[in-house]
Structure formats: C-alpha cells, structure tokens
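Atom set for the values below is all heavy atoms of this structure, side chains included, hydrogens, waters and symmetry mates excluded. Residue numbers start from 1 in every chain, and the chains themselves are labelled A, B, ... in the order their sequence lines are given, proteins ahead of strands.
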Amino acid sequence: MKKDIETVIKEMLVSSIGQISRERGISLEGGPPVEVERGRREGQGDWATNAAMQWAGAFGERPLEMARRIVSLLPENPLVERVEVAGPGFINFFLSRSWMSGTIEHILELAGDYGRSDSGGGRRVQVEFVSANPTGPLHVGHGRGAAVGDICARILSFTGWDVEREYYINDAGLQMELLGRSTQSRYFEICGRPGEVPFPEDGYKGGYIFDLARQLLDSEGERYLDIPPGESLPFFTRYANEVILEDIRKTLENFGVKFDVWFSEKSLYDGIKIPKMLETLKKNGFAFDADGATWFKATAFSDDKDRVLIRSNGVPTYFASDIAYHKNKYDRGFDMVIDVWGADHHGYIPRMKAAVQALGRKEEDLQILLIQFVNLHRGGQQVSMSTRSGEFVTLEEVIDEVGVNATRYFFAMRRSDSHLDFDLDLAKSASTDNPVFYVQYAHARIHSIFREAAARGVAMPKPSEVDLSLLVEPEETSLVKRLSAFPGEVEKAAADLAPHRIVFYAYDLAGDFHSFYNAHRVLGVGPELEGARLVLSEATRVVLANALSLLGISAPEKM
RNA sequence: GCGCUUGUAGCUCAGUUGGAUAGAGCAACGGACUUCUAAUCCGUAGGUCGCGGGUUCGAAUCCUGCCAAGCGCGCCA
C-alpha cells in the first residue's frame with residue numbers, strides 16, 4: 001500500500017473543500033484542520049469526518065448543506081465504495097473490497113514490521129524505570145513499573161525512537177547504611193551474640209536479611225565478631241548491596257526486562273558533578289544562597305516553593321543529586337527523558353520539571369509516568385502488604401506463581417495511573433476468564449489450523465494467488481478492519497506512553513478472530529475460499545504476534 | 001489548610017486534543033461441539049458517566065463550586 005487510507009481520505013476532502021473555497025473566493029487560511037476518524041459503530045462508515053460542521057461557519061452554510069456540497073465534489077477513488085451524509089453533518093466513508101485485499105497483502109508483505117513506523121525519527125530517548133533501592137527484593141509495585149517501563153521502551157523503539165533502558169541505583173545515603181547495620185545486627189544475632197550490635201530503629205526487618213547474614217556466616221565464618229562494628233560496617237553494607245542488586249537484576253531478566261545502563265547514584269558524588277550542576281544553575285540565574293544554604297529558585301517555574309540544594313551543613317540534598325543526574329542524562333545526548341515513578345512521588349514532579357527547565361531544556365523533554373499501587377487479591381481477599389514490617393509479596397513470587405506472560409499482561413492491562421487489582425487466582429487460571437490465555441489461544445488456534453492444513457496437504461498460498469474479494473462475511477470484514485487499525489493504535493500508545501492500549505487492542509483482535517472462527521470454517525470450504533481464509537488467518541497471526549511481542553508476551557503455537 | 005490523582009453497569013475497567021444511540025470483561029439468565037483446540041462463540045438483561053451550575057449547534061470529555069477515596073506537602077531519601 002503506497003499511502004494509508006486516512007491520508008487518502010483527507011486528501012479527497014481537502015481537494016473538495018479547496019474547490020468550494022475557490023468558487024466562493026474564501027481563503028482556507030487559518031481554518032480548522034481536516035480530521036478523519038474511524039467509524040464508531042455499524043452504519044457510520046469505516047471512516048468519518050466532521051469537516052462539514054467545522055467549515056460550515058466559514059462558508060456561511062448550514063452544516064448539512066455543506067456536507068452535501070463537499071460530497072458532490074469528492075474525487076473518485078477505487079478504495080472508497082460510497083460516501084454518505086448523516087446526522088448533523090457527518091460525512092461517512094465506506095471502504096471497498098479492493099481496500100480490504102490491499103490491507104491483507106500489505107500486512108503479509110511487512111510481516112513482523114507491520115505497525116512499525118519512523119515517527120520517532122531516530123531521536124534518542126531514555127526510559128529510566130524500576131530504580132528501586134537495593135535494600136530488598138523487588139515487590140509487586142516495582143513489577144508494575146518494570147512491565148510498563150519495558151513495554152513503553154518496546155513501543156517507542158517500534159515507532160522509530162532510539163531507546164535506552166536505565167536503572168538508577170540509589171546506593172548512596174542513609175538507606176544503605178541502614179541496610180548494612182540491619183545485616184550486621186542479624187549476623188551478631190545468629191552467631192549467638194544478640195544485642196551486641198543493636199538492630200536499628202528503622203531497620204529492614206524482612207527475613208531476607210537473616211538469609212544474607214546466614215550466607216555471610218557460611219562464607220566468612222565468625223571473624224567479623226572480633227572486629228569493632230564501626231569498622232566492619234562498610235563490609236556489611238557493600239555485601240548486602242551487591243547481593244541484593246544481583247538478585248534484583250536476575251529477577252528482572254527472568255521477567256524479560258534488560259537494562260542497557262545501571263547508573264550508580266554514588267557516581268554522582270565524585271566531587272565534580274554536583275558543583276558543575278550548581279554552576280549551571282547559577283549561570284542561568286536559578287540558584288541563590290540564603291540562611292547558610294544554597295537554594296534552587298523553583299518558584300521561577302511552576303513549583304510553589306524554592307528548594308534547598310546544599311544544606312547549611314554543606315551536605316547536598318537528594319534533590320541536588322537528582323538534578324545532577326538529570327543534567328547528566330541530557331549531557332549524554334538524549335532528546336527526551338522518561339522517568340517512571342511510583343504515584344506517591346507525584347509531589348516531586350513540579351520541582352523536577354522546574355529543574356529541567358532551569359538547565360535550559362524544554363519542559364516536555366522530561367516525561368514522568370506515574371505508576372499507581374497494585375492490590376493483590378487471592379481467594380477474593382486482598383493480600384495485605386507492608387514494606388516496613390517486611391511482609392510483602394515479591395515480584396519473584398508472583399512470577400513463580402502465575403508465570404511471566406500473565407504477570408506482564410496484568411501489570412499492563414490498566415492505565416498506569418489508575419489503581420490495579422491483580423487477581424492471582426485469575427491470572428494463573430487456564431480458563432475462559434483469563435484474558436492472557438484468551439489472546440494467546442487465538443494465536444495457537446491459528447497455528448492449529450495451519451497444522452491441520454499441512455496434514456491435509458494444503459499449503460499456505462501467496463496472497464497474490466488467492467481471490468481475497470471472496471471475504472465478504474461480516475466476521476471477515478470486522479477482522480480486516482481491526483487488522484488495519486494496528487499501526488494507528490501503536491502510534492497512539494507511543495504518543496501517550498500507554499501500554500494498556502496495546503493490551504486492549506490485542507484482546508479485541510483475539511475476540512474478532514474467535515468470532516470468525518466460530519462462525520466459519522477455514523478448511524474444507526472449497527479451494528478458492530479456503531485459500532483466501534488461510535491468508536486472512538495468517539495476516540491475523542502476524543498482527544497478534546506483533547502486538548504480543550510489543551508486550552513481551554509469548555505467542556505460542558500450541559496450548 | 002494547600003496541591004496532585006481518581007470517581008463511568010452489581011464487580012473490574014476502556015473511552016476524555018468536544019461529536020452521532022456511552023463500550024468491554026466478569027457475575028446473572030438463555031442457547032451453540034459427529035466437522036480446523038468449547039481455554040471458544042451467539043443472545044438477553046444491566047447506566048441520573050460522583051452531585052450542582054456554566055460554555056457550545058453538540059459535554060463522560062472543557063470551565064466552576066461542592067462531595068467522596070487515595071497520595072503528597074522536610075535543610076528526609
């Protein structure tokens with residue numbers, strides 16, 4: 001297909017409206033743009049436009065008259081079967097069989113690249129996500145961020161962006177020390193000398209700290225008992241940090257998420273990055289000294305308070321290192337930076353956006369995606385979790401229980417900024433109700449048809465060898481229309497950073513195929529129709545596989 | 001107190017750069033397997049789009065005031 005149908009219809013409209021404007025001597029300058037959208041329901045066409053209503057005013061016409069006039073001047077096009085005026089002045093376009101055939105051929109020609117675009121234009125984008133403190137295993141909330149971040153990265157890459165995935169390791173500061181002291185305390189406890197190193201008040205109480213201490217005891221023996229705790233603390237901190245981070249890395253890889261860069265917060269405190277950042281802010285006029293501290297003039301932008309960068313005791317705040325981190329991101333040449341955060345950090349957005357602007361970037365160069373909380377359900381009951389007490393369900397446990405595919409699907413199935421109820425029983429059930437299986441099953445069913453065809457000695461025909469105009473049943477046309485919508489859905493998902501759109505699309509497409517499958521047979525309906533339906537099935541399989549691949553979910557041939 | 005987010009069918013949610021009769025799934029009810037996987041399909045029923053005003057030819061969508069839920073308002077990270 002040379003030009004997508006949306007463009008074709010727009011050009012027809014522009015041609016028609018242009019002719020009217022020449023007749024009337026009215027300029028088109030500054031008028032509303034001509035937009036077309038997919039018909040929403042049966043009888044309202046495959047595509048529709050409200051252009052007549054938009055333009056009626058400029059031409060001093062009533063919308064309905066305007067619509068009729070536009071239609072009468074539309075150029076002929078073989079892809080468009082007929083055009084109707086409806087409602088208050090909508091113009092509905094009904095597409096022809098030759099458009100349907102062209103769509104199927106186009107899909108099979110592009111195969112794995114169908115839906116791919118170059119709208120990103122090769123611009124560089126960084127997606128930073130998960131970035132959990134290496135103080136314990138990932139829990140389900142991190143899992144949702146991991147799934148959403150990774151799928152966004154896949155979608156952006158598919159739409160022509162040059163994507164890098166990054167994990168920011170918060171390995172500096174108080175939390176790490178707390179982790180070290182917690183581990184150290186448990187070590188002494190296990191060695192039969194409890195209380196010698198008191199457990200810190202806000203320490204990490206999870207059982208995994210005991211595991212760490214036990215591993216240490218196995219590999220190092222009791223020799224740290226004889227070293228003053230203050231001296232051995234850095235060892236405990238480093239050990240716990242490394243082991244936990246490695247555990248996180250493995251979990252994520254197991255989940256299908258691979259990072260290009262693991263960025264250490266510690267590396268920001270090299271004595272130069274923060275001063276350089278301050279220099280930049282001062283040069284731009286957004287940093288000042290007051291009350292013995294150094295401040296960021298966040299109120300110059302849309303934040304409601306100025307923020308401290310360097311405390312009066314000379315220690316930089318977390319915010320200062322975060323600005324230095326973001327400056328570093330832009331210095332690395334990214335055109336756009338996406339931060340995936342837990343929704344509880346939303347109050348931090350104004351100051352971060354302000355900082356980015358103070359560094360001389362545009363506000364939209366930083367996109368922040370908020371991930372709302374996840375509620376786990378089992379047996380109709382909510383699973384209670386509390387990070388503080390160490391009672392939480394880890395991502396690893398969920399993956400073990402329901403599998404990678406269902407876990408990714410469930411995490412991505414809702415808009416990321418809305419609360420998510422994750423039903424563990426449903427996610428692992430191999431039943432009607434489980435949407436993951438529903439989608440995968442459609443893919444497997446198609447393969448099943450192909451297996452049966454092969455057994456009967458029927459080969460998959462080339463699209464050019466079959467008469468696709470035989471596909472006239474309503475279930476067939478619905479299916480083709482859905483297939484044709486895929487590239488547009490991908491674009492929208494990329495523009496809105498909205499993975500759930502792909503989930504919904506895949507589900508709807510699977511539904512269209514199941515309906516088709518139940519209403520009609522593919523094999524044994526005569527060689528001509530059989531060939532056409534095999535080709536349609538293959539096109540469906542391709543698009544299902546592409547959608548699932550964007551979600552990082554497998555497309556099984558058999559279930 | 002201020003701010004951010006959310007509020008759509010009994011439940012879980014789509015749909016919001018303003019468009020035509022507001023859509024799915026689950027749950028409920030009634031149907032469809034001697035034929036390519038019934039992990040499926042078809043049908044019925046289910047709604048003051050939180051409430052009230054406003055803008056518009058047209059509002060779930062935009063503005064405004066309330067109500068409710070969650071979260072955030074440190075020289076913490």
Engineer: Mind checking the C1' distance from B:G50 to B:A69? Whole angstroms is fine.
Structural biologist: 11 Å
Engineer: Roughly how many Å apart are B:U16 and B:C11, using the C1' atom of each and rounding to a whole number?
Structural biologist: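 Nearest-Å result for B:C11 against B:U16 at atom C1': 23 Å.
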Engineer: Report yes if at least one side-chain N or O of A:Arg533 is closer than 4.0 Å to OP1 or OP2 of B:C36; otherwise report no.
Structural biologist: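 So the side chain of A:Arg533 is outside the cut-off, no N or O lying under 4.0 Å from OP1 or OP2 of B:C36.
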Engineer: Looking at A:Asn133, A:Ile248, A:Leu245, which hits side-chain contact (heavy atoms from CB on, under 4.5 Å) with A:Ile169?
Structural biologist: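 Filter result, single survivor: A:Leu245.
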Engineer: Go through it in stages, so that I can follow the logic: the residues are A:Asp508 and A:Arg482, the test is side-chain contact (heavy atoms from CB on, under 4.5 Å), and I'd like the CA-CA distance, side-chain angles, deciding distance and then a yes or no.
Structural biologist: CA-CA 8 Å; A:Asp508 289 340; A:Arg482 182 81 65 188; 3.4 Å; yes
Engineer: Among B:C13, B:C36, B:C42, which nucleotide sits nearest the side chain of A:Leu523?
Structural biologist: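 Shortest atom-to-atom distance from the side chain points to B:C36.
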Engineer: Please measure how far the C1' atom in B:U64 lies from the corresponding atom in B:A59, and state the result in whole Å.
Structural biologist: 15 Å
Engineer: With a 4.0 Å cut-off on heavy atoms, is A:Ala453 in touch with a base, just the backbone sugar-phosphate, or nothing at all?
Structural biologist: nothing
Engineer: Just N and O in the side chain of A:Ser418: are any of them under 4.0 Å from OP1 or OP2 of B:U12?
Structural biologist: no
Engineer: Please measure how far the P atom in B:U48 lies from the corresponding atom in B:G10, and state the result in whole Å.
Structural biologist: 7 Å
Engineer: Considering only side-chain heavy atoms of A:Tyr507, which listed nucleotide, B:U5, B:G25, B:C41, is closest?
Structural biologist: B:G25
Engineer: Checking A:Glu35 against A:Thr49: is there a side-chain donor and acceptor pair closer than 3.5 Å?
Structural biologist: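 Short answer, no.
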Engineer: Roughly how many Å apart are B:C49 and B:G43, using the P atom of each and rounding to a whole number?
Structural biologist: 26 Å
Engineer: Choosing from B:U40, B:A39, B:C13, which nucleotide comes nearest the side chain of A:Asn518?
Structural biologist: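 Given the options B:U40, B:A39, B:C13, the side chain of A:Asn518 is closest to B:U40.
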Engineer: Taking any heavy-atom pair under 4.0 Å as a contact, classify A:Ala519: base, sugar-phosphate, or nothing.
Structural biologist: nothing
Engineer: When all nucleic acid strands are considered with a 4.0 Å heavy-atom cut-off, which category describes A:Ala442: base, sugar-phosphate, or nothing?
Structural biologist: nothing
Engineer: Is there a donor-acceptor contact under 3.5 Å linking the side chains of A:Gln372 and A:Ser416?
Structural biologist: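 The answer is no; no qualifying pair exists.
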Engineer: Using distance alone, with no hydrogens and no angle criterion, decide if A:Tyr348 and A:Asp322 have a side-chain donor and acceptor under 3.5 Å apart.
Structural biologist: yes
Engineer: Would you indicate which nucleotide in B:G15, B:U35, B:A38 comes nearest to any side-chain atom of A:Tyr517?
Structural biologist: B:A38
Engineer: When the C1' atoms of B:G70 and B:A32 are considered, how many whole Å apart are they?
Structural biologist: 45 Å
Engineer: Report the stems of RNA chain B as range-with-range entries sorted by first number; a stem here is at least three consecutive pairs, Watson-Crick or G-U wobble, both distances under 3.5 Å, and write none if there are none.
Structural biologist: B:1-7 with B:67-73, B:10-13 with B:23-26, B:28-32 with B:40-44, B:50-54 with B:62-66
Engineer: Pick base, sugar-phosphate or nothing for A:His443, based on heavy-atom distances below 4.0 Å to the nucleic acid.
Structural biologist: nothing
Engineer: In this structure, how many angstroms lie between the P atom of B:C4 and the NE2 atom of A:His419, rounded?
Structural biologist: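 Going from NE2 in A:His419 over to P in B:C4 covers 17 Å.
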Engineer: Nearest to the A:Phe437 side chain among B:A39, B:G15, B:G19, which nucleotide is it?
Structural biologist: B:A39
Engineer: Over how many whole Å does the gap from A:Tyr409 atom OH to B:A39 atom C1' extend?
Structural biologist: 14 Å
Engineer: Would you tabulate the nitrogen or oxygen pairs shorter than 3.5 Å linking the protein to nucleotides 71-77 of chain B?
Structural biologist:
| residue | atom | partner | partner atom | Å |
| --- | --- | --- | --- | --- |
| B:C71 | O2' | A:His346 | NE2 | 3.4 |
| B:C71 | O2 | A:His346 | NE2 | 2.8 |
| B:C73 | O3' | A:Lys305 | NZ | 3.3 |
| B:C73 | O2' | A:Lys305 | NZ | 3.0 |
| B:C75 | O3' | A:Arg311 | NE | 3.1 |
| B:C75 | O2 | A:Ser312 | N | 2.9 |
| B:C75 | O2 | A:Ser312 | OG | 3.0 |
| B:C75 | N3 | A:Ser312 | OG | 3.1 |
| B:C75 | N4 | A:Asp291 | O | 2.9 |
| B:C76 | OP2 | A:Arg311 | NE | 2.8 |
| B:C76 | OP2 | A:Arg311 | NH2 | 3.4 |
| B:C76 | O3' | A:Arg311 | NH2 | 3.0 |
| B:A77 | OP1 | A:Arg311 | NH2 | 2.3 |
| B:A77 | OP2 | A:Arg311 | NH2 | 2.6 |
| B:A77 | OP2 | A:Tyr318 | N | 3.2 |

Engineer: Is the phosphate of B:C42, meaning OP1 or OP2, less than 4.0 Å from a side-chain N or O of A:Ser515?
Structural biologist: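 So the side-chain polar atoms of A:Ser515 do come within 4.0 Å of the phosphate oxygens OP1 or OP2 of B:C42, strictly under.
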Engineer: May I have the distance from A:Asn92 (atom CG) to B:A20 (atom P), rounded to whole angstrom?
Structural biologist: 12 Å
Engineer: Whether the side chain of A:Arg415 and the base of B:U16 hold a donor-acceptor pair under 3.5 Å is what I'd like checked.
Structural biologist: yes
Engineer: Base, sugar-phosphate, or nothing: which does A:Met53 touch, judged by heavy atoms less than 4.0 Å apart?
Structural biologist: base
Engineer: Are A:Lys329 and A:Glu128 within salt-bridge range, i.e. N to O under 4.0 Å?
Structural biologist: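 Salt bridge between A:Lys329 and A:Glu128, a charged N being under 4.0 Å from a carboxylate O: yes.
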